[in-house]
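Encoded as structure tokens, the structure appears first; notes follow it.
Values below: all heavy atoms of this structure, side chains included; hydrogens, waters and symmetry mates excluded.
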Amino acid sequence: MNLGRTEDQELIADTARELLEARAPTAGARAMDGDPAGHSPALWKEMVELGWPGLAFPEEHGGVGGDFLDVSLLFEQLGYAQVPSPLLASVACCGMPVARFGTAGQKERWLGAISEGRIVTAAPLPWDRPGDGPVASRDGDGHVLNGTATFVPFAASAEHILVAANLDGEPRAFWVDASSVTLKPLGTVGWDRPCHVELTDVHVPADAALGTDQVGADAARAISLFGAAATCAEMVGAAQRVLDMTVEYATEREQFGKPIGSFQAVQHHCADMSIDVLGSRFIAYEAIWLLSVDREAAQEVSMAKAWVSEAYERVCALGHQVHGAIGFTEEHDLHLFSRHAMAASLAFGDGDLHYDTLATGLNLP
């Protein structure tokens, strides 16, 4: 894998950085903190006009013709700017499983809708307790869904939810109209606004089941795989921002007549942060690249999620060490990143869970 970006990819990243800096010069999360929608509709409209939701999808389905690696550059920039957006939920968790496993009709319908900016979201099965998720049962030509899904991002703004449920002991994903479920907003340490989704005898037609029977289980698992990898890209961008603001602060803040960045302890903190950011970028984009070229990537995604989750939290902790008390104040952006680190590290499974997943794959006794 070559981690060097093409000219087009550099343009994607630079354009995203410029737009988000112009529209959210401090932290977009601050403006959305407490907002029930959890994102800016005006900014989302601008993203749609730029083609961001369709970047990873083929042109014949209304997309731009890029891939998952291309759109992951946008997730990284959203993390860098701390801008809440339904882009990750709509594209990574919903669009990519459809693009990879959907039928021709499903690709035509859903990839076009996502590319047009129709907000959809996904409710994956719990990574650590998949059996505790919603249950689907066959009902004539369709299915009936019952159960609960929690921490579903941007569900309050979504038109449809891609719900992963247990069907005959196997995972399967179903498109559900958001108006047919009961939503309960949840308060979290992060700045996103997820919901608790209750499904009570929700009937869906046969074509609402994502993919065919042969690939249906893989399609349901893909929600978590693409979601975890995209979250890693978002965390890489956020960790880079924490490093940048910490180096800037260490350069400007003076103590004993000289910048604190001249002290060895501060220098080593920044060096450790830099190592974690670079290591996170490599391991995250290795997993993203494998998914982009349609290779088996379950182990690599778990490696990335385990490492990046903990590395991002370490970067935030060292950033607070350098900033001191000011980094904990409401007025400073660093506390937003620390809140995001705690929430993002838990999304799609925390580090300990993925370590267990990796250990299982090693066939240890």
Note to self: Using the rule given for side-chain contact (heavy atoms from CB on, under 4.5 Å), can you reason through Thr246 versus Met273, listing the C-alpha separation, both sets of side-chain angles and the distance that settles it, and then say yes or no?
What the structure shows: CA-CA 9 Å; Thr246 302; Met273 294 167 70; 3.5 Å; yes
Next item on the list: Give a yes-or-no answer on whether the side chains of Ser309 and Lys305 include a donor-acceptor pair shorter than 3.5 Å.
Entry: yes
Checklist line | His323 and His332 aromatic centres sub-6.0 Å | finding: yes
Note to self: Show the nearest heavy-atom pair for residues Val163 and Pro134, with the distance to one decimal.
What the structure shows: CG1-CG, 4.1 Å
Check: Given side chains that start at C-beta, do those of Glu10 and Thr6 come closer than 4.5 Å, heavy atoms only?
Finding: no
Check: Out of curiosity, does Val215 fall in the hydrophobic cluster containing Met96 (side-chain heavy atoms, cut-off under 4.5 Å, transitive links)?
Finding: no
Note to self: Do Arg281 and Trp289 form a cation-pi contact, if we require the NZ or CZ to be under 6.0 Å from the six-membered ring centre and within 45 degrees of the ring's axis?
What the structure shows: no
Margin query: Would you compute the distance between atom CD1 of Ile119 and atom SG of Cys94 and round it to the nearest 0.5 angstrom?
Written below: 11.5 Å
Notebook entry, point to check: side chain to side chain contact (heavy atoms under 4.5 Å, CB included) with Val204: which of Val176, Asp177, Leu199?
Noted result: Val176
Margin query: Under 4.0 Å between a side-chain nitrogen and a carboxylate oxygen: does that hold for Arg221 and Asp218?
Written below: yes
Check: In terms of hydrophobic clusters joined by side-chain contacts under 4.5 Å, are Leu73 and Ile114 together?
Finding: yes
Check: Distance-only, no hydrogens or angles: does the Thr329 side chain make a donor-acceptor pair with backbone N or O of Ile326 under 3.5 Å?
Finding: yes
Check: Do you know the tightest heavy-atom contact between Val152 and Ala122?
Finding: CG1-O, 3.5 Å
Note to self: Between Arg100 and Asp294, does any NZ, NE, NH1 or NH2 come within less than 4.0 Å of an OD or OE carboxylate oxygen?
What the structure shows: yes
Check: Okay, side chain of Ser262, backbone of Pro259: is any donor-acceptor separation there less than 3.5 Å?
Finding: yes
Margin query: Could you check whether any side-chain heavy atom of Leu125 comes within less than 4.5 Å of a side-chain heavy atom of Asn166, counting everything from C-beta outward?
Written below: yes
Check: Which atom pair, heavy atoms only, marks the closest approach of Ala298 to Leu225?
Finding: CA-CD2, 3.9 Å
Checklist line | Side chain to side chain, Ile283 and Met303, heavy atoms closer than 4.5 Å | finding: yes
Notebook entry, point to check: How long is the span from the CZ atom in Arg314 to the CG atom in Asp276, to the nearest 0.5 Å?
Noted result: 4.0 Å
Next item on the list: Decide side-chain contact (heavy atoms from CB on, under 4.5 Å) for Thr357 and Thr360; before the verdict, give the C-alpha distance in whole Å, the side-chain angles of both, and the deciding distance to 0.1 Å.
Entry: CA-CA 5 Å; Thr357 300; Thr360 301; 5.8 Å; no
Note to self: I'd like to know whether Trp52 forms a side-chain contact (heavy atoms from CB on, under 4.5 Å) with Leu87, so could you lay out the CA-CA distance, the side-chain angles of the two residues, the decisive distance to 0.1 Å, and finally the verdict.
What the structure shows: CA-CA 8 Å; Trp52 288 12; Leu87 188 72; 4.2 Å; yes
Notebook entry, point to check: Are Glu248 and Arg241 ion-paired here, with the side-chain N under 4.0 Å from a carboxylate O?
Noted result: no
Next item on the list: Considering non-hydrogen atoms only, spot the tightest contact between Ala81 and Leu20 and give its length.
Entry: CB-CB, 3.9 Å
Checklist line | Ile161 reachable from Ile223 in the ILVMFWY side-chain graph, under 4.5 Å edges | finding: no
Next item on the list: Report whether Trp44 and Leu111 are members of the same hydrophobic cluster (ILVMFWY, side-chain heavy atoms less than 4.5 Å apart, transitive linking).
Entry: yes
Margin query: Would you say that more than 12 heavy atoms from the other residues, nucleotides or ligands in this model lie under 6.0 Å from the CD of Glu7, or not?
Written below: no
Check: Does the ring of Tyr80 carry Arg17 above it, NZ/CZ under 6.0 angstrom from centre and within 45° of its axis?
Finding: yes
Note to self: If we ignore hydrogens and angles and just use 3.5 Å, is the side chain of Glu300 paired with the main-chain N or O of Glu286 as donor and acceptor?
What the structure shows: no
Next item on the list: Is it possible for you to say whether Val48 and Leu19 belong to one hydrophobic cluster, with membership spreading through side-chain heavy-atom contacts below 4.5 Å?
Entry: yes
Notebook entry, point to check: Is a side-chain N or O of Asp67 found less than 3.5 angstrom from the main chain of Ser292, in a donor-acceptor match?
Noted result: no
Check: Between Trp110 and His61, is the ring centre distance below 6.0 Å?
Finding: no
Next item on the list: Would you indicate whether the side-chain heavy atoms of Glu198 and Lys184 approach each other to under 4.5 Å?
Entry: no
Check: What are the two closest heavy atoms between Ala238 and His340, and how far apart are they?
Finding: CB-ND1, 4.1 Å
Checklist line | Nearest heavy atoms of Phe348 and Cys93, plus distance in Å | finding: CZ-SG, 3.7 Å
Note to self: Regarding Asp168 and Arg138, does a basic nitrogen lie under 4.0 Å from an acidic carboxylate oxygen?
What the structure shows: yes
Item checked: Phe101 atom CZ, over 12 foreign heavy atoms within 6.0 Å -> yes
Notebook entry, point to check: Looking just at side-chain N and O atoms, do Ser345 and Glu313 make a donor-acceptor pair shorter than 3.5 Å?
Noted result: yes
Checklist line | CG on Leu50 to OG1 on Thr15, rounded to 0.5 Å | finding: 8.0 Å
Notebook entry, point to check: Is the shortest heavy-atom distance from the side chain of Trp307 to the side chain of Cys232 under 4.5 Å?
Noted result: no
Notebook entry, point to check: Under the 3.5 angstrom rule, does the side chain of Ser72 hit a backbone N or O of Ala233 as a donor-acceptor pair?
Noted result: no
Notebook entry, point to check: Charged N to carboxylate O under 4.0 angstrom, Arg172 versus Asp213?
Noted result: yes
Note to self: A side-chain contact here means heavy atoms from C-beta on lying under 4.5 Å apart; do Ile260 and Tyr249 qualify?
What the structure shows: yes
Notebook entry, point to check: Would you say Thr182 and Val197 make side-chain contact, with heavy atoms under 4.5 Å?
Noted result: no
Note to self: Quick check for you: to the nearest 0.5 Å, what is the distance between Phe226 atom CZ and Ile288 atom CD1?
What the structure shows: 10.5 Å
Note to self: Please check if the number of heavy atoms outside Gln264 that lie under 6.0 Å from its CD is greater than 12.
What the structure shows: no
Item checked: Steps toward side-chain contact (heavy atoms from CB on, under 4.5 Å) verdict (Leu186, Thr150) -> CA-CA 9 Å; Leu186 297 173; Thr150 194; 3.4 Å; yes
Check: Would His320 and Ser338 count as having a side-chain donor-acceptor pair, cut-off 3.5 Å?
Finding: yes
Item checked: Backbone N/O of Cys270 and side chain of Ser274: donor-acceptor pair under 3.5 Å -> no
Checklist line | Exercise: do Glu234 and Tyr312 side chains pair donor with acceptor under 3.5 Å | finding: no
Note to self: I'd like to know if the side chain of Ser90 reaches the main chain of Val120, judged simply by a donor and an acceptor atom lying under 3.5 Å from each other, with no hydrogens or angles considered.
What the structure shows: yes
Next item on the list: Taking the side chain as every heavy atom from C-beta outward, state whether Leu210 and Phe174 have any atom pair closer than 4.5 Å.
Entry: no
Checklist line | Residues that His269 engages under side-chain contact (heavy atoms from CB on, under 4.5 Å), provided they are two or more places apart | finding: Leu318, Gln321, Val322
Margin query: Between Asp70 and Gln9, do the side chains contain a donor N or O and an acceptor N or O under 3.5 Å apart?
Written below: yes
Note to self: Rounded to the nearest 0.5 Å, what separates atom CD in Glu18 from atom CZ in Arg23?
What the structure shows: 11.0 Å
Notebook entry, point to check: Out of curiosity, Phe337 CZ to Met245 CE, how far, rounded to the nearest 0.5 Å?
Noted result: 4.0 Å
